[in-house]
Enquirer: 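First the structure, then my questions, so here it is.
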Amino acid sequence: MRVLSWAPVTVVTAVHLIALLTGSDAVAAWSQVLLMPALAVVLLVSPPGDRGPAWPWALAALAASWVGDSLPKVMPEDAQFLAMIGGFAVAQVLWIVAFTRVDRGRSPFAWTLLLVVVAAALLAVTVPEAGMLAPAVVVYGLLLLAVAWLASSHGWVGALGGALFVLSDGLIALGAFRPDLVDWAGRDLVVMATYVGAQALFVAVILLTRSPELTWGRAPRRGTRVRSPRGRHPR
């Protein structure tokens, strides 16, 4: 990975979070639309050998996330939430595909159990208040659980990304269906900071996992032959 390739998303994220912190709604709105394109730059400018085999799926996931960020801004108010979760649901499916296109380890049992407990608690709190959206909330929750679980099988980078993703989407769900539980200043700031952080860590997983035979942060599966990195040391 090239450090400078992360500069655009770092700058846009800083502008967005400062806008949220200072109440600059217009700046926060347009900077949110730029977040995922800025992160996509990291994938697009990386040398082909550094992207990993799953990078097209990751790029598609960022595009779907951009739809989830942008489409609600031009939709009627009563359709904004569905537009948002629709885009993000597609993004989660694409992340699931991306994480399964490369070799991976096993998610720790304790971590898996914790994810299941958190997902079950979120569904138990939000589904009764979701009304007609209850089936969509359940499906979305299961997709979120799958993404976080698969991400954790790619080492601590993926596990941290999955945790941030669950935190961000969990706060969004609680804000939509149980706002009384998350009625505190700075919630939007936490939502967006964890959202961008999760997506950035997912991109890092894709870049660090360069081939089905060469993994990062853990030993390859038993019986797998590791190909030569051709003079480059795994980052």
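Owing to the predicted nature of the structure, the values given are computational and were not obtained by experimental measurement.
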Enquirer: Nearest 0.5 angstrom please: Leu114 CG to Trp149 CH2, how far?
Expert: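 Between Leu114 CG and Trp149 CH2, I get 15.5 Å after rounding to 0.5 Å.
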
Enquirer: If every non-hydrogen atom of Ala193 is compared with every non-hydrogen atom of Leu17, which pair is closest and at what distance?
Expert: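 Result for this residue pair: N-CD2, 3.9 Å.
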
Enquirer: Could you tell me if Ser107 and Thr112 have a donor-acceptor pair between their side chains, going purely by distance under 3.5 Å?
Expert: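 Yes, because at least one side-chain N or O of Thr112 sits under 3.5 Å from a partner of the opposite role on Ser107.
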
Enquirer: Verify, without hydrogens or angle tests, whether His16 (side chain) and Ser31 (backbone) share a donor-acceptor contact under 3.5 angstrom.
Expert: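 No: the side chain of His16 does not pair with the backbone of Ser31.
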
Enquirer: Looking at every non-hydrogen atom in both residues, tell me the closest pair between Trp111 and Ala163 and how far apart they are.
Expert: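 Closest approach of Trp111 to Ala163: CH2-CB, 3.6 Å.
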
Enquirer: Under a 4.5 Å cut-off applied to non-hydrogen side-chain atoms, are Leu82 and Ile85 in contact?
Expert: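 Contact flag for Leu82/Ile85 side chains = yes.
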
Enquirer: Is there a continuous path of hydrophobic side-chain contacts, each under 4.5 Å between heavy atoms, that joins Val33 to Met84?
Expert: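 Yes, Val33 connects to Met84 through the hydrophobic network.
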
Enquirer: Test side-chain contact (heavy atoms from CB on, under 4.5 Å) on Leu94 and Leu59; report intermediate values, then the result.
Expert: CA-CA 9 Å; Leu94 291 167; Leu59 187 64; over 6 Å; no

Enquirer: I need the Asp180 CG to Leu174 CG distance, nearest 0.5 Å.
Expert: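 Those atoms lie 9.0 Å apart.
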
Enquirer: Considering the options Asp69, Val190, Leu164, Leu171, which one meets the side chain to side chain contact (heavy atoms under 4.5 Å, CB included) requirement together with Tyr195?
Expert: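 Testing Tyr195 for a side chain to side chain contact (heavy atoms under 4.5 Å, CB included) against Asp69, Val190, Leu164, Leu171 leaves exactly one candidate, Asp69.
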
Enquirer: What residues form a side-chain hydrogen bond (donor to acceptor under 3.5 Å, both in side chains) with Ser70, not counting sequence neighbours?
Expert: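 Listed in chain order: Trp66.
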
Enquirer: Please give me the minimum heavy-atom distance between Ala83 and Met75, naming the atom from each residue.
Expert: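 Here Ala83 and Met75 meet closest at CB-CG, 4.1 Å.
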
Enquirer: Does anything in residues 70-83 form a salt bridge (charged side-chain N to carboxylate O under 4.0 Å, His left out)? List the pairs, not counting sequence neighbours.
Expert: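 Qualifying pairs, neighbours excluded: none.
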
Enquirer: Using the salt bridge (charged side-chain N to carboxylate O under 4.0 Å, His left out) rule, collect all pairs that involve residues 21-44, keeping only residues at least two apart or in two chains.
Expert: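 Residue pairs passing salt bridge (charged side-chain N to carboxylate O under 4.0 Å, His left out), neighbours aside: none found.
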
Enquirer: Apply the side chain to side chain contact (heavy atoms under 4.5 Å, CB included) test between Phe177 and each candidate in Val127, Val125, Leu133, Ile172; give the one that qualifies.
Expert: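 Of the listed options, the one satisfying the test is Leu133.
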
Enquirer: Grouping I, L, V, M, F, W and Y whenever their side-chain heavy atoms are under 4.5 Å apart, do Leu34 and Ile18 come out in a common cluster?
Expert: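 No.
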
Enquirer: Can you hop from Val67 to Ile96 via hydrophobic side chains spaced under 4.5 Å?
Expert: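 Same cluster.
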
Enquirer: Treat each ILVMFWY residue as a node, draw an edge where side-chain heavy atoms are under 4.5 Å apart, and state whether Val15 and Val41 are in one component.
Expert: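 In one cluster with Val15: Val41, no.
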
Enquirer: Taking all heavy atoms of Gly175 and all of Arg187, pick out the closest pair and write down the distance.
Expert: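 Minimum heavy-atom separation between Gly175 and Arg187: CA-NH1, 3.9 Å.
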
Enquirer: Report the residues that fulfil ring-ring contact (aromatic ring centres under 6.0 Å, His included) with Phe202, sequence neighbours left out, ordered by chain and then residue number.
Expert: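 Result, ring-ring contact (aromatic ring centres under 6.0 Å, His included) vs Phe202: Trp95, Phe99, Phe165.
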
Enquirer: Could you tell me which non-hydrogen atom of Ala54 sits nearest to which non-hydrogen atom of Arg101, and how far apart they are?
Expert: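 Scanning both residues, the minimum pair turns out to be CB-CB, 3.9 Å.
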
Enquirer: With a sphere of 6.0 Å drawn around CH2 of Trp57, does it hold more than 12 non-hydrogen atoms of other residues, nucleotides or ligands?
Expert: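 Open.
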
Enquirer: Hey, are the side chains of Val203 and Leu62 touching, using non-hydrogen atoms and a 4.5 Å cut-off?
Expert: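 Sidechains of Leu62 and Val203: in contact.
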
Enquirer: Only counting residues at least two apart or in another chain, list the ones meeting side chain to side chain contact (heavy atoms under 4.5 Å, CB included) with Val9.
Expert: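 By the side chain to side chain contact (heavy atoms under 4.5 Å, CB included) rule, Val9 matches Trp6, Thr13, Ala38, Leu39, Val196.
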
Enquirer: Could you report the tightest heavy-atom contact between Val157 and Ala204, atom names first, then the distance?
Expert: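 In terms of heavy atoms, the two residues are closest at CG1-CB, 4.2 Å.
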
Enquirer: After noting the C-alpha distance and the side-chain angles of Leu150 and Val147, does the key distance pass the side-chain contact (heavy atoms from CB on, under 4.5 Å) rule?
Expert: CA-CA 5 Å; Leu150 285 170; Val147 170; over 6 Å; no

Enquirer: Would Ser65 and Gln199 satisfy side-chain contact (heavy atoms from CB on, under 4.5 Å), going step by step from the backbone distance to the final call?
Expert: CA-CA 9 Å; Ser65 298; Gln199 298 274 26; 2.9 Å; yes

Enquirer: What about Val118 and Leu113, same hydrophobic cluster or not, with Ile/Leu/Val/Met/Phe/Trp/Tyr joined at side-chain heavy-atom distances under 4.5 Å?
Expert: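 As far as the 4.5 Å side-chain criterion goes, Leu113 and Val118 are not connected within one cluster.
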
Enquirer: Output every pair passing side-chain hydrogen bond (donor to acceptor under 3.5 Å, both in side chains) with a member in residues 113-140, not counting sequence neighbours, ordered by first then second residue.
Expert: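 Of all non-adjacent pairs touching residues 113-140, those that pass side-chain hydrogen bond (donor to acceptor under 3.5 Å, both in side chains) are Gln92-Tyr140, Tyr140-Asp169.
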
